[in-house]
Amino acid sequence: MDFASLMSKEISKAKSASPAPDQKSQDKKYVRRADLEAARVAAYNEEQARLARERDERIAQKRKLEDEEADRRREREDKKRRLAEESRRRREEEEAALERERRKRLGLPEVPPSDKEDTKEGDEPEDDDLAEEELVEKLRELNEPARLFGETHRSRLRRYRRLVQRSLTPQPKMTDGPIPTTLEPVPEVEMKISTTLPKDTDGRKYLFRQLASYFNMVLAEWERALARRDVSVKQSLQGRQAYNAMVQSRENLKPLFRKFEKVDVDDGVLEHVVEIVHKAQLRRYVDANDAYLRLSIGKAAWPIGVTMVGIHERSAREKLHQSDQQAHILSDEITRKYLQSIKRCLSFAQTRWPPDDQLQIMG
């Protein structure tokens with residue numbers, strides 16, 4: 001065998017033993033990092049797309065369930081409303097039939113048909129309807145908003161008619177003063193209050209007018225006295241505290257004025273308030289302060305020390321807590337505040353209208 005045939009034989013063996021290109025790529029020992037990163041990014045994008053599709057499917061399914069539930073709820077509400085209207089109509093027909101039978105039995109004339117039978121509840125007659133532009137102009141003339149959020153033309157028309165009806169109804173006139181009230185003020189010469197409480201309603205109303213006029217007069221004098229101070233005194237700490245006390249007293253007396261307007265004041269409180277004002281008008285401020293203490297603290301005995309030792313009770317222990325001797329100022333917060341404001345008005349009154357007897361000055 002010559003050299004050429006031997007070489008050709010070896011070359012053919014090498015060609016037959018060489019692997020295919022795909023197998024070479026599979027048997028690679030090393031892979032580029034860019035290829036790995038590209039594969040990772042492609043897998044991540046595919047996973048995110050799959051999650052987004054699943055999320056959209058869940059949202060669509062949830063929205064579909066909510067729409068179905070809303071439709072079922074709407075159908076139930078419509079059915080309830082139809083049943084209610086049907087029952088109401090039947091009840092009205094039965095009542096009308098009974099009324100016709102009763103009138104026929106008694107020989108009375110038939111009931112004339114009402115014009116509101118063909119009109120639904122809450123609807124307005126068509127002949128009283130107003131144009132949209134005219135309705136808006138009328139509402140603006142009344143200083144009312146022309147349109148509210150979600151308001152229809154019919155509801156806007158009903159609102160306008162309510163406003164017109166309210167304007168035609170006479171409203172009680174509010175008096176000018178530190179505390180506006182519907183009680184008509186009395187002249188200063190008629191503010192003299194008696195110690196006896198009137199029993200009739202008219203007498204109580206006049207008494208409440210006197211009390212409201214007196215407290216408004218004291219608050220007005222108090223406000224004018226604070227306004228006449230120097231600017232340095234107004235801006236000082238004591239000056240600001242005095243003004244805040246006046247404002248707080250004016251606000252806390254408003255619930256008492258509302259009770260005066262309704263003629264709804266407890267006799268236990270009213271009796272002491274009348275006594276306080278009566279003594280203050282006589283400039284007997286110490287006696288007025290004693291009446292205030294009886295109203296605020298009361299006459300109940302205050303236990304000092306031990307009230308019971310073993311089986312032995314303290315003497316007169318049953319008198320420690322009696323309902324008729326409890327303080328009214330502790331009943332609720334509103335009562336406590338306006339009684340405290342009455343005490344502040346009493347303290348100002350003795351500086352504005354000092355007593356002739358120096359022994360009647362409160363400490």
With a 3.5 Å distance limit and no angle check, can you tell me whether [X] reaches the backbone of [Y] through a side-chain donor-acceptor pair?
{"X": "Arg140", "Y": "Ala146", "value": "no"}
{"X": "Arg161", "Y": "Arg158", "value": "no"}
{"X": "Glu261", "Y": "Thr182", "value": "yes"}
{"X": "Tyr214", "Y": "His278", "value": "no"}
{"X": "Asp230", "Y": "Ser232", "value": "no"}
{"X": "Ser341", "Y": "Asn252", "value": "no"}
{"X": "Arg294", "Y": "His272", "value": "no"}
{"X": "Arg240", "Y": "Gln235", "value": "yes"}

[X] and [Y] ion-paired at < 4.0 Å:
{"X": "Asp202", "Y": "Lys205", "answer": "no"}
{"X": "Lys64", "Y": "Asp67", "answer": "no"}
{"X": "Arg74", "Y": "Glu77", "answer": "no"}
{"X": "Arg159", "Y": "Glu151", "answer": "yes"}
{"X": "Arg147", "Y": "Glu132", "answer": "yes"}
{"X": "Glu86", "Y": "Arg82", "answer": "no"}
{"X": "Glu66", "Y": "Arg63", "answer": "no"}
{"X": "Glu92", "Y": "Arg88", "answer": "yes"}

Do you know the tightest heavy-atom contact between [X] and [Y]?
{"X": "Gln360", "Y": "Asp287", "value": "OE1-N, 3.6 Å"}
{"X": "Gln210", "Y": "Val186", "value": "CA-CG2, 4.1 Å"}
{"X": "Ala245", "Y": "Arg344", "value": "O-NH1, 3.5 Å"}
{"X": "Arg209", "Y": "Glu184", "value": "NE-O, 2.8 Å"}
{"X": "Gln358", "Y": "Pro355", "value": "NE2-O, 4.2 Å"}
{"X": "Ser213", "Y": "Pro185", "value": "OG-CA, 3.3 Å"}

Can you confirm whether [X] is buried at [atom1], in the sense that more than 12 heavy atoms of other residues, nucleotides or ligands lie under 6.0 Å from that atom?
{"X": "Gln165", "atom1": "CD", "answer": "no"}
{"X": "Glu188", "atom1": "CD", "answer": "no"}
{"X": "Leu197", "atom1": "CG", "answer": "yes"}
{"X": "Arg76", "atom1": "CZ", "answer": "yes"}
{"X": "Glu93", "atom1": "CD", "answer": "yes"}
{"X": "Asp200", "atom1": "CG", "answer": "yes"}
{"X": "Arg89", "atom1": "CZ", "answer": "yes"}
{"X": "Lys234", "atom1": "NZ", "answer": "yes"}

Item checked: Chi angles and distances behind the side chain to side chain contact (heavy atoms under 4.5 Å, CB included) call for Gln48, Leu51 -> CA-CA 5 Å; Gln48 292 299 319; Leu51 294 176; 4.3 Å; yes
Item checked: side chain to side chain contact (heavy atoms under 4.5 Å, CB included) assessment of Ile334 paired with Lys337 -> CA-CA 5 Å; Ile334 297 177; Lys337 285 183 178 180; 5.9 Å; no
Drop me the distance from [X]'s [atom1] to [Y]'s [atom2], to the nearest 0.5 angstrom.
{"X": "Leu339", "Y": "Leu253", "atom1": "CG", "atom2": "CG", "result": "9.5 Å"}
{"X": "Ser347", "Y": "Ile342", "atom1": "OG", "atom2": "CD1", "result": "12.0 Å"}
{"X": "Asp290", "Y": "Arg284", "atom1": "CG", "atom2": "CZ", "result": "10.0 Å"}
{"X": "Leu83", "Y": "Lys80", "atom1": "CG", "atom2": "NZ", "result": "10.0 Å"}
{"X": "Tyr285", "Y": "Asp357", "atom1": "OH", "atom2": "CG", "result": "12.0 Å"}
{"X": "Cys345", "Y": "Met217", "atom1": "SG", "atom2": "CE", "result": "10.5 Å"}

Do [X] and [Y] share a hydrophobic cluster, counting only Ile, Leu, Val, Met, Phe, Trp and Tyr and linking them when any side-chain heavy atoms are less than 4.5 Å apart?
{"X": "Val233", "Y": "Leu226", "value": "no"}
{"X": "Val136", "Y": "Leu157", "value": "no"}
{"X": "Leu295", "Y": "Leu282", "value": "no"}
{"X": "Val164", "Y": "Leu135", "value": "yes"}
{"X": "Leu142", "Y": "Leu148", "value": "no"}

Item checked: Mutual orientation of the aromatic rings belonging to Phe215 and Phe260 [parallel < 30°, tilted 30-60°, perpendicular > 60°] ->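 Plane angle under 30°, so parallel.
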Can you find a heavy atom in the side chain of [X] that is under 4.5 Å from one in the side chain of [Y]?
{"X": "Leu163", "Y": "Leu139", "value": "yes"}
{"X": "Lys279", "Y": "Val286", "value": "no"}
{"X": "Thr181", "Y": "Arg258", "value": "yes"}

Checklist line | side chain to side chain contact (heavy atoms under 4.5 Å, CB included) between Val218 and Arg352, intermediate numbers included | finding: CA-CA 9 Å; Val218 174; Arg352 175 61 178 83; over 6 Å; no
Item checked: Derivation and outcome, salt bridge (Lys or Arg N to Asp or Glu O under 4.0 Å), residues Asp267 and Arg204 -> CA-CA 11 Å; Asp267 289 343; Arg204 280 181 173 265; 2.8 Å; yes
Next item on the list: Could you give me the CA-CA distance, side-chain angles and deciding distance for Arg53 and Asp56, then say whether salt bridge (Lys or Arg N to Asp or Glu O under 4.0 Å) is met?
Entry: CA-CA 5 Å; Arg53 287 194 302 271; Asp56 294 340; over 6 Å; no
Would you tell me whether [X] and [Y] have side-chain atoms, one donor and one acceptor, within less than 3.5 Å of each other?
{"X": "Ser155", "Y": "Thr152", "value": "yes"}
{"X": "Glu190", "Y": "Tyr206", "value": "yes"}
{"X": "Glu275", "Y": "Thr195", "value": "no"}

Note to self: Using the rule given for side chain to side chain contact (heavy atoms under 4.5 Å, CB included), can you reason through Phe208 versus Leu270, listing the C-alpha separation, both sets of side-chain angles and the distance that settles it, and then say yes or no?
What the structure shows: CA-CA 10 Å; Phe208 293 149; Leu270 181 61; 3.6 Å; yes
Checklist line | Matching residue for Trp222 among Phe348, Trp353, Tyr243 - test: ring pair (Phe, Tyr, Trp, His ring centres under 6.0 Å) | finding: Phe348
Next item on the list: Test salt bridge (Lys or Arg N to Asp or Glu O under 4.0 Å) on Glu94 and Arg91 and set out the steps.
Entry: CA-CA 5 Å; Glu94 292 175 358; Arg91 186 174 61 253; over 6 Å; no
